[in-house]
Amino acid sequence: MGIYRDLQPIAKVDVVVVGSGSAGSTAAIAAARQGVNVLLLERYGFLGGTSTGVLDTFYGFYTPGAEAHKVVGGIADDVIARLKHLDRIIERPNTYGAGLGITYHPDYLKCAWEQLVQESGAQILLNCWVQDVKLIENRLTSLIVATKQGLACIEGKVFVDATGDADLSYWSDVPLELAGDRHDAQSLTTTFRMCNVDIKARRTIDKARFHELMKEAAYHGYELPRREGSDHITTVDGVLATNMTRVRSFEKRAAGVVNATDPAFLSAAEIEGRRQALEYIRFLRDCVPGYEQAKLAAFGTQIGVRETRRIIGDYVLTREDVLSARQFDDQIGLCGAPIEEHGPGDTTKWEYLPDGECVGIPYRTLLAQKLENLFVAGRCFSATHDAHASVRSMAQCMAMGQAAGSAAALCVRNNIDSRSLPFALLRDRLLSSHAILELKAGRIA
């Protein structure tokens with residue numbers, strides 16, 4: 001910390017949000033709409049994180065099962081409305097029965113995030129990477145960030161860690177769990193899109209036959225580590241998006257567990273993901289109807305990361321909580337998505353909640369221990385490996401982001417810390433902003 005002490009702040013704001021994915025962008029919007037000064041930091045040159053750099057479909061808005069119930073609202077609805085204004089969206093069932101998905105064009109979503117964040121009044125700083133933090137007792141006071149002009153200091157009153165990898169929490173030395181410490185961590189996936197696909201011909205085979213073709217191809221020498229991957233239609237005619245590759249996400253060494261937060265490990269994974277993608281493309285072109293003349297359109301901007309670090313917050317959501325659809329007095333959102341286990345094998349394991357039911361997401365899972373002004377939102381929230389595998393969907397990340405951003409602004413406006421904030425005040429704010437917090441008589445309220 002000594003070499004940073006002479007840095008003069010380039011910004012002094014009320015709320016600093018780090019990471020602009022589904023959680024971070026939503027948190028910035030929620031906080032700024034309450035009239036506080038907000039700065040949103042992003043390491044890439046665009047907003048959206050996984051939602052724009054890796055995927056093209058929001059899951060978690062609806063419960064799976066016999067009847068779809070909408071379980072996420074509020075700012076998430078504003079995002080969908082803006083997408084509809086910019087381009088078409090497609091509602092489609094998940095390949096594995098995880099509920100209705102909302103497919104969009106990721107480049108239009110970049111613009112939607114930018115517009116909504118700027119309209120809220122929040123400031124945006126792109127191409128900015130957190131390198132360190134400054135702490136005074138139990139409060140985070142400022143960040144050290146890397147920019148094109150070198151290191152800089154940003155001061156804030158309240159902070160939101162929406163980095164996915166819990167980077168801000170890691171620098172702040174709060175209690176964390178590292179993926180791979182206790183369970184096999186979720187695998188990594190390099191997504192890619194194929195153009196010039198004959199969609200009509202592709203539809204001549206169903207999911208079961210598609211997976212049979214993968215297994216047959218693997219038997220004949222194609223290197224396909226995942227044998228039940230998926231492809232799906234997009235908003236662009238003749239273009240299909242994929243979720244097929246499977247890259248190991250951690251290894252155990254003498255010094256401990258290494259995962260995708262390790263620079264060398266992540267670099268190797270990025271390269272391996274693209275290598276696998278080329279083999280899956282060869283399989284598609286050789287073996288799957290409709291792909292005979294298809295071409296690679298694009299890889300995802302980065303490899304898709306499902307889990308790395310998670311905080312150990314004031315409450316840790318558990319597998320039992322999820323599968324029993326437990327409700328909490330301080331819940332800030334709902335999730336009906338199944339536990340989705342992308343382990344090291346060639347298949348994926350799914351475990352479902354009772355039909356039509358949801359688990360609540362407690363406010364306490366967003367509170368970092370040891371600090372009074374740090375919230376988390378998104379996939380670095382406080383949960384066990386299994387519970388995380390359910391609640392990490394992007395719609396739930398938006399719900400967490402709205403709660404964290406709203407709570408951060410309320411703390412600034414009332415000059416209180418995260419644990420002194422009356423939950424009733426946050427609940428009223430979320431409900432007035434059309435968030436969905438509970439089930440009533442089998443319906444969503």
Side-chain angles (χ1 to χ4, degrees), residues 19 21 42-46 48-56 106-107 110 126-127 129-131 146 163-167 170 178-181 184-195 214 217-218 220-231 239-288 291 294-309 341-348 379-380 392:
E42 169 54 45
R43 62 176 175 145
Y44 285 129
F46 55 86
T50 296
S51 74
T52 55
V54 179
L55 300 177
D56 69 348
D107 287 320
K110 292 175 185 176
L126 302 174
N127 301 300
W129 200 303
V130 175
Q131 300 293 291
T163 59
D165 295 323
D167 291 339
Y170 169 79
L178 186 66
D181 268 346
D184 286 340
Q186 301 272 4
S187 61
L188 309 172
T189 296
T190 295
T191 58
F192 60 92
R193 297 191 298 275
M194 298 292 289
C195 62
M214 281 189 172
H220 289 289
Y222 290 80
E223 189 178 348
L224 308 178
R226 184 181 179 188
R227 312 286 168 78
E228 37 72 278
S230 64
D231 60 352
V239 174
L240 293 186
T242 71
N243 191 327
M244 295 183 181
T245 66
R246 175 158 286 172
V247 179
R248 63 190 178 93
S249 63
F250 79 106
E251 61 184 37
K252 293 184 178 180
R253 302 177 181 173
V257 171
V258 172
N259 68 10
T261 59
D262 178 86
F265 187 92
L266 181 59
S267 296
E270 293 276 16
I271 295 168
E272 169 63 14
R274 285 185 285 272
R275 187 197 68 78
Q276 286 188 20
L278 293 179
E279 183 72 347
Y280 277 94
I281 291 168
R282 185 170 78 94
F283 154 73
L284 291 170
R285 287 170 54 89
D286 290 351
C287 305
V288 180
Y291 277 99
K295 302 289 186 182
L296 173 66
F299 294 121
T301 303
Q302 68 163 71
I303 197 167
V305 180
R306 293 182 172 92
E307 64 170 339
T308 48
R309 306 184 191 106
E341 180 63 65
H342 292 265
D346 59 11
T347 61
T348 302
R379 67 175 175 85
C380 52
R392 63 180 173 79

How far does [atom1] of [X] sit from [atom2] of [Y], to the nearest 0.5 angstrom?
X: Tyr222; Y: Glu279; atom1: OH; atom2: CD; result: 7.5 Å
X: Asn259; Y: Ser249; atom1: CG; atom2: OG; result: 7.0 Å
X: Glu341; Y: Asp184; atom1: CD; atom2: CG; result: 7.5 Å
X: Met214; Y: Cys287; atom1: CE; atom2: SG; result: 10.0 Å

Distance alone, cut at 3.5 Å: any donor-acceptor contact between the side chains of [X] and [Y]?
X: Tyr170; Y: Asp165; answer: no
X: Asp286; Y: Tyr291; answer: no
X: Arg227; Y: Thr348; answer: no

[X] to [Y] - nearest heavy-atom pair and separation:
X: Ala185; Y: Ala179; value: CB-CB, 3.8 Å
X: Met194; Y: Leu284; value: CG-CD1, 4.4 Å
X: Pro225; Y: Gln276; value: CG-OE1, 3.3 Å
X: Leu224; Y: Ala217; value: CD1-CB, 4.0 Å
X: Val258; Y: Phe265; value: CG1-CB, 3.8 Å
X: Glu223; Y: Arg275; value: OE2-NH2, 3.0 Å

May I ask you to say whether Arg226 pairs ionically with Glu228, meaning some side-chain N is under 4.0 Å from a carboxylate O?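 A salt bridge links Arg226 with Glu228.
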State, yes or no, whether a side-chain contact exists between [X] and [Y] at a heavy-atom distance under 4.5 Å.
X: Asp56; Y: Pro106; answer: yes
X: Ile281; Y: Phe192; answer: yes
X: Arg246; Y: His342; answer: yes
X: Thr261; Y: Phe250; answer: no
X: Arg309; Y: Asp167; answer: yes
X: Met244; Y: Asp231; answer: yes
X: Ile303; Y: Thr189; answer: no

Just do the side chain to side chain contact (heavy atoms under 4.5 Å, CB included) check on Val54 and Gln302 with the steps written out, would you? CA-CA 6 Å; Val54 179; Gln302 68 163 71; 3.8 Å; yes
Has the side chain of Thr245 got a donor or acceptor atom that lies under 3.5 Å from a matching backbone atom of Thr190?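 Between the backbone of Thr190 and the side chain of Thr245 there is a qualifying donor-acceptor contact (under 3.5 Å).
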Please test Arg248 against Glu272 for side chain to side chain contact (heavy atoms under 4.5 Å, CB included), starting from the C-alpha separation and ending with a verdict. CA-CA 9 Å; Arg248 63 190 178 93; Glu272 169 63 14; over 6 Å; no
How are the rings of Tyr280 and Phe283 set to each other: parallel, tilted or perpendicular (split at 30° and 60°)?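 Rings of Tyr280 and Phe283: perpendicular, over 60°.
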Stepwise side chain to side chain contact (heavy atoms under 4.5 Å, CB included) test for Val305 and Gln186: CA-CA 8 Å; Val305 180; Gln186 301 272 4; over 6 Å; no
Worked check of side chain to side chain contact (heavy atoms under 4.5 Å, CB included) between Thr52 and Phe46: CA-CA 8 Å; Thr52 55; Phe46 55 86; 3.4 Å; yes
